[in-house]
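Heads up, the thing below is written out as structure tokens.
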Amino acid sequence: MNEKTDILRLLPDELEALITSPPYSQPKFRAGQIFSWLHRGAGFDMMTNLPLALRAALAESCVIKTPAVERRLVSETDGTIKYLLRLTDGNCVEAVYMKYEHGNTLCVSSQVGCRMGCRFCASTKSGRVRDLAASEMLGEVIAAERDTGTRISNVVMMGIGEPLDNYDETVRFLRLLSAPGGLGIGLRHVSVSTCGIVPRIRDLAATGLPVTLSISLHAPDDKARSAIMPVNNTYPVSELLGACRDWFLATGRHISFEYTLISGKNDSPEDARLLASTLRRYMSDGGRTLPMHVNLIPLNDVEGTGLSRSSKDAVRRFSETLTSLGITATVRRRLGPDINAACGQLRISSAEGKS
Ligand code: SAH
């Protein structure tokens, strides 16, 4: 049997090519109708302005890979919703819905598991199972819009997985998010977060897609960074920050650096001073320091890592040291603290059957 077409993965021109050729042989405008139905979360049986025979033919040979909501945890503190989503093959990923003043934001997963091996991260503990297709990433957004009955205006790729380790599908997902007739999410409202796969950062810059790049830096030098992030052995800090500098010069878009504060590992005032001088050294152009921002995130404790969160005092001191050295830094507000909204842990507990 032929595999069914993953129809939600198709870009508008690809869907048009499919629909206008045999066995469908439909006029072009049908592709536009189908695209907009799909992106609103409709099944084929709901596409009421299509001929019945076409709906039946599509249902026969295509699959819509929107995941199903398996579990939903709603924070009583701030309305954050953490989803466990079941993919069509039974694997699960997580997504987190957050309400901000600037709009509803969804944090999406890009892989089932992760192979990057960051020591503090729950998502990588049992490695990578598989990449998500672009349709499945888009399906996370569609599922959350449908479940909440609200429109999502911002997407952050900070869920399970390393988006740039699934580069082609990530770029396809970005193109789908912003495609006319679809969800209409402007790429300026989308953040791609990476642990630092340098060649793919350069590829992403070359696409010209106006996304925000977020770099999980987490340490001020190679010694400290390699100790918690194995990717640093392949792409050291100098190469990573060199790519960040070139990203800014090519796109004009400022970079966010994520820095998770881990007690005794990367949170001393000396670490802060070293971070400030390293960022200034690399993120500069002809004597001018390029615009950038550091987000400080107190570590979410993950069982079995032996790492723990910095004290409130250490966080404050770190932040003040950076600011006094001219680096803008904010301490991330924790959303959904009562539902442990950080990603990775719900999937693990579901896989271990202890939900
Ligand atoms: N792989 C991508 C995106 C997923 S992780 C990346 O590395 O950027 C999203 C963010 O959460 C990253 O900055 C990651 O380093 C951070 N993170 C992972 N585990 C964490 C934990 N236990 N506490 C705080 N932040 C964590």
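Atoms within a ligand are numbered from 1 in the order they appear, just like the ligands themselves. Please read these numbers as outputs of a predicted model, since none were measured by experiment.
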Hey, which atoms in ligand 1 end up nearer than 4.0 Å to a heavy atom of [X]?
{"X": "Met157", "answer": "3 (C)"}
{"X": "Cys121", "answer": "18 (C), 19 (N)"}
{"X": "Gly159", "answer": "4 (C)"}
{"X": "Val302", "answer": "22 (N)"}

Donor-acceptor check, side chain of [X] to backbone of [Y], threshold 3.5 angstrom: yes or no?
{"X": "Ser109", "Y": "Ile160", "value": "yes"}
{"X": "Tyr97", "Y": "Ile152", "value": "no"}
{"X": "Asp267", "Y": "Gly264", "value": "yes"}

Heavy-atom distances under 4.0 Å decide this one: backbone, side chain, both or neither, for [X] against ligand 1?
{"X": "Thr194", "value": "backbone"}
{"X": "Asn300", "value": "both"}
{"X": "Thr260", "value": "side chain"}

> Tell me, do Cys92 and Arg86 make a side-chain contact under 4.5 Å, heavy atoms counted?
Replying inline: yes

> Can an N or O of Phe120 be found at a distance shorter than 3.5 Å from an N or O of ligand 1?
Replying inline: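 Yes; the residue has a nitrogen or oxygen that sits under 3.5 Å from a nitrogen or oxygen of the ligand.
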
> Can Val331 be reached from Leu217 by stepping across I, L, V, M, F, W or Y side chains whose heavy atoms are under 4.5 Å apart?
Replying inline: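 Same hydrophobic cluster.
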
> Hey, looking at atom 3 (C) of ligand 1, which of Ser216, Cys195, Gly161 has the closest heavy atom?
Replying inline: Gly161

>> Can you check which of His218, Met158, Glu258 brings a heavy atom nearest to atom 16 (C) of ligand 1?
In response: His218

> Below 6.0 angstrom between ring centroids: does that apply to Phe120 and His218?
Replying inline: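 Phe120 vs His218: aromatic centres under 6.0 Å.
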
>> Check this for me: does any side-chain nitrogen of one of Glu270 and Arg273 sit under 4.0 Å from a carboxylate oxygen of the other?
In response: yes

